[in-house]
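Working notes for the structure below.
For clarity, every value in this text was computed on a predicted model and none was experimentally measured. Chain naming here is simple, since letters A, B, ... match the order of the sequence lines and numbering starts at 1 in each.
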Amino acid sequence: MSPDPDAAVRVRGVRVLFGGVAALDRIDLDVVEGEVFVLVGPNGSGKTTLLNAVSGFVPLAEGSVELFGEDVTRRRAHQRADRGIGRTFQSPRALQSARVTDLLSFGLYRHDPRSWAGEVFRPLRALRLDRQVDERFRTVLDTVGLPDELLHEELGSLSHGQMKMVDIARALLGEPRVLLLDEPTSGLNQGEIDKLHEIVQGLRTGGCTPVLVEHNVQFVVDLADRIAVLHQGELLALGEPRATLSRDEVVEAYLGPKGRLAHRDGGHQAETRN
Amino acid sequence: MVATAMQSVRTVLRRPYAHLAGLAITVLVVQQFVESSSSLFLVQLMALYALAALGLNIILGMAGLLSVAQAAVMALGGYTAGLLMIKAQLPFVVALLVAGAASAVLSAFVGLAALRISSHYFILVTLAVAEALSLLLINEEDLTGGYNGIGGIPPLVIGGLDLSSPLALAVVAIVTLFIGWYVADALAASRSGHGIHAGGADPQLAMASGINVARLRFGASVTGGVYAGVAGALYAETLLYLGPGDFSLGKALLILLIVVIGGMGSNAGTVAAAVILVYLSEGLLRLTTVGPLVYGLGIMVILVIAPNGLDGVARRLRRAFGRILERRVAR
C-alpha cells in the first residue's frame with residue numbers, strides 16, 4: 001500500500017495475539033482524513049480487535065499505529081484519546097445508576113471547564129459554567145436525536161438504542177478527529193438507524209473522520225466511501241463498497257463456497273448474518 | 001413547568017447556600033437541644049466518622065476502590081497529631097496539617113497498589129496495610145505506648161481560643177464536616193470528580209474519553225486520605241487519649257458501612273448514614289445485649305430493600321414526588 005500523507009489513521013503490520021492465536025495478522029490500512037471508512041467481516045474476523053488496536057485497548061505483538069503522522073503505538077488509550085481518537089462501545093455498560101448527564105460529563109472530560117478549585121472558590125461562576133455545560137449537553141442530545149428530558153434520567157432506565165445514542169453523544173463531546181464506532185446500528189430501530197446515518201454524514205462535514213465496524217450491509221453500502229473486509233484476522237479486500245462486497249472471495253468468506261454459487265445464480269446482494 | 005420549578009429548587013439547594021444553611025441549622029440545633037456531655041460526645045463522633053466516610057466515599061463511592069484501610073489512615077492522623085502536640089508541643093493547627101499530610105501519604109501508598117492490582121486483590125492490600133499499621137502502633141511502645149496508647153493530649157486551643165468544652169468541640173467538628181462536605185460536593189461537580197467517577201464506573205469508557213484513570217485513582221486516594229487524617233486529628237482532641245483499639249478493623253467496617261448504606265458516591269447519603277450508624281453503634285450496641293444482632297440484621301434488611309442505599313431511596317422518593325406533581329399540573 002502506498003504511503004498516504006493525509007492518513008488520519010495508519011496501521012502497519014499490526015499483529016494481535018490472543019493466547020498464541022492471531023486475532024489480527026499483519027494488517028496494513030490507511031484511513032484517509034474525511035472519508036467514511038467501514039470495517040466489515042464475519043463474526044470473529046477481528047473487526048473489534050482492530051478498533052481496540054487503534055484506540056489502545058489491546059497490546060500489539062507487532063506493527064505500529066499512527067494518528068495524523070504521529071506514532072502512537074506506545075501510547076496508552078487515554079493518551080490516544082488526547083490525540084483525537086474517540087470511540088464508542090458495542091454494549092456500553094457504565095453504572096446503571098449513573099445519570100445521562102454523568103456519562104456526558106465523562107465524554108466532556110477533555111474540554112470540561114469545571115475545575116475543582118473553581119467549584120470550591122468561585123461557586124457563582126461554577127453556576128454559570130454549569131448552565132453552559134447543560135446547554136452543551138442539550139445540543140449534543142439533539143444532535144443524536146434524543147429529547148433533553150433524558151438528561152437527568154438514570155442510564156438503567158434507557159432503551160438499548162437510547163443508550164447507544166447517548167454513548168455516541170458522549171464520544172462526540174470529546175471532539176474527536178477520528179471517531180471509531182463499534183457496531184453502531186446493532187439493536188437500533190429504523191428511525192435510529194436513519195438518525196445515525198445523518199450523524200455520520202454530519203461528522204464528515206464537521207471535520208471528523210468516522211471509522212465504523214458494521215454488520216448492516218445496506219447501511220454500509222449507502223454510507224461508506226471505502227470498506228475493508230476482514231476474515232480470520234486478515235485483510236481480505238479493500239475498496240469501494242459495492243464492488244468490494246460482490247468480489248468472490250468476500251462472498252465466500254461470508255457464505256461459504258456454496259453461498260458463492262447461490263450468489264452467482266441469484267445475483268442478489270450478499271446479506272450478512274449476525 | 002415542573003422541570004423549571006425543579007431547576008430553581010436545584011439552584012437554591014446548591015453550593016454554597018445549602019451547606020451554609022445546613023451548617024447554621026445543625027449548629028443551632030446542637031447548641032439549643034443537645035445538653036449532656038455524653039450526647040455532645042456522640043455528636044462529635046458522628047461528625048468525625050462522617051468526615052472520614054466522606055473521604056472513603058471519594059475512594060470507594062467515586063473511584064470504585066474497595067478499601068478497609070480508612071480507619072488505619074485515620075489512626076495515623078490521630079497519632080501523628082497527638083504525638084506532635086505531646087512531644088513537640090506543636091499547636092493544634094500545625095499538628096492537624098502534618099496529620100493530614102501523613103495520612104495522605106499513607107493513603108497514597110495504598111492507592112499505588114490500586115494502579116497495579118485488580119479490585120479483588122486490592123482489598124487484601126488495604127487489609128494488610130491496616131493490620132501492619134495496627135501492629136506498628138502496638139509494638140512501637142516507646143513512641144505509641146503500645147496497648148496503653150497515648151494519653152495527655154493537650155485540650156483543643158486554636159489561636160489562643162479555648163475550644164475544649166464539649167459544645168465547642170462539637171461545633172468545631174461540625175464546621176469541619178461541612179467544609180469537607182462542601183469541598184467533596186465541589187469535587188463531585190468538577191472535571192476531576194467526573195473523571196474519578198468515570199474511572200470507577202467503567203475504566204475502559206473512561207480511558208476512551210481521554211481520562212487518565214490511574215492518575216485520578218491515585219488522586220482520589222490522596223484526597224480521601226486527607227479527610228481521614230483531619231478526622232483522626234480531631235478525634236485525638238475529642239478523646240484526649242488514643243489507643244490502638246480506637247481504630248480496629250471494626251471501625252474500618254463501620255466507615256465502610258456508612259458509605260455503602262449512604263449510597264455509593266452520594267455525599268449527603270454518607271453524612272446521613274454516619275449520623276444513623278454512629279447513633280446505633282454507640283447507643284444500641286452499648287446499651288443492650290441483643291444490640292449487635294439487631295444492628296447486623298438491620299443492615300442486611302436495608303441492603304436488601306435499598307441496594308443503592310439512602311441515596312437510592314431519596315432518588316426514588318424524588319421521582320415519585322415528581323410524578324405526583326406532574327399529574328397535579330396535568331389536571
Exercise. Which value, rounded to the nearest 0.5 Å, describes the distance between B:Gln204 atom CD and A:Asn52 atom CG?
Worked result: 7.0 Å
Exercise. Does any non-hydrogen side-chain atom of B:Ile211 lie less than 4.5 Å from one of A:His78?
Worked result: no
Exercise. Tell me, side chain or backbone of A:Arg80 under 4.5 Å from chain B's heavy atoms, or both, or neither?
Worked result: neither
For this session: Please look at A:Gln79 and chain B and tell me whether the side chain, the backbone, both or neither of the residue comes under 4.5 angstrom of a heavy atom of that chain.
Result: neither
Seminar exercise, completed: dist B:Asn212:CG -> A:Tyr109:OH (nearest 0.5 Å) comes out at 7.0 Å
For this session: Could you tell me whether the side chain of A:Ser115 reaches within less than 4.5 Å of the side chain of B:Ser190, counting heavy atoms only?
Result: no
Seminar exercise, completed: Turns out that what part of A:Ser55 lies under 4.5 Å from chain B's heavy atoms comes down to neither
Seminar exercise, completed: So, the part of B:Leu216 with a heavy atom under 4.5 Å from chain A: the answer is side chain
For this session: Before accepting this row, confirm whether a basic side-chain N of the pair B:Arg319/A:Glu153 lies closer than 4.0 Å to the acidic partner's carboxylate O.
Result: no
Exercise. Which atoms of A:Ala126 come close to chain B, meaning under 4.5 Å heavy atom to heavy atom: side chain ones, backbone ones, both, or neither?
Worked result: both
Exercise. Which one of B:Ala198, B:Gly195, B:Ala188 has the most heavy-atom pairs closer than 4.5 Å to chain A?
Worked result: B:Ala198
For this session: Mind running side-chain contact (heavy atoms from CB on, under 4.5 Å) on A:Val120 and B:Leu187 for me, showing each step along the way?
Result: CA-CA 8 Å; A:Val120 171; B:Leu187 175 65; over 6 Å; no
Exercise. So with a 6.0 Å cut-off around CZ of B:Arg315, is the heavy-atom count from everything else above 12?
Worked result: yes
Seminar exercise, completed: Okay, A:Arg76 and chain B: the region with an atom under 4.5 Å from a heavy atom over there is side chain
Problem set entry | Interatomic distance, B:Arg191 atom CZ to A:Leu129 atom CG [nearest 0.5 angstrom] | 13.0 Å
Exercise. Under 3.5 Å, is there a donor-acceptor pair between the B:Ser209 and A:Arg110 side chains?
Worked result: no
Seminar exercise, completed: Bottom line for B:Ala184: the part with an atom under 4.5 Å from chain A's heavy atoms is neither
Problem set entry | Which atoms of A:Leu173 approach chain B - backbone, side chain, both or neither, heavy atom under 4.5 Å | neither
For this session: Measure across A:Trp116 and B:Ala186 and return the closest heavy-atom pair with its distance rounded to 0.1 Å.
Result: CD1-C, 3.9 Å
For this session: Using a cut-off of under 4.5 Å on heavy-atom pairs, state which of B:Pro16, B:Ala189, B:Ala206 scores highest against chain A.
Result: B:Ala189
For this session: Against chain A, work out which of B:Gly265, B:Gly210, B:Gly193 has the most heavy-atom pairs shorter than 4.5 Å and name it.
Result: B:Gly210
Exercise. Rounded to the nearest 0.5 Å, how far apart are CZ of A:Phe106 and CG of B:Asp202?
Worked result: 8.5 Å
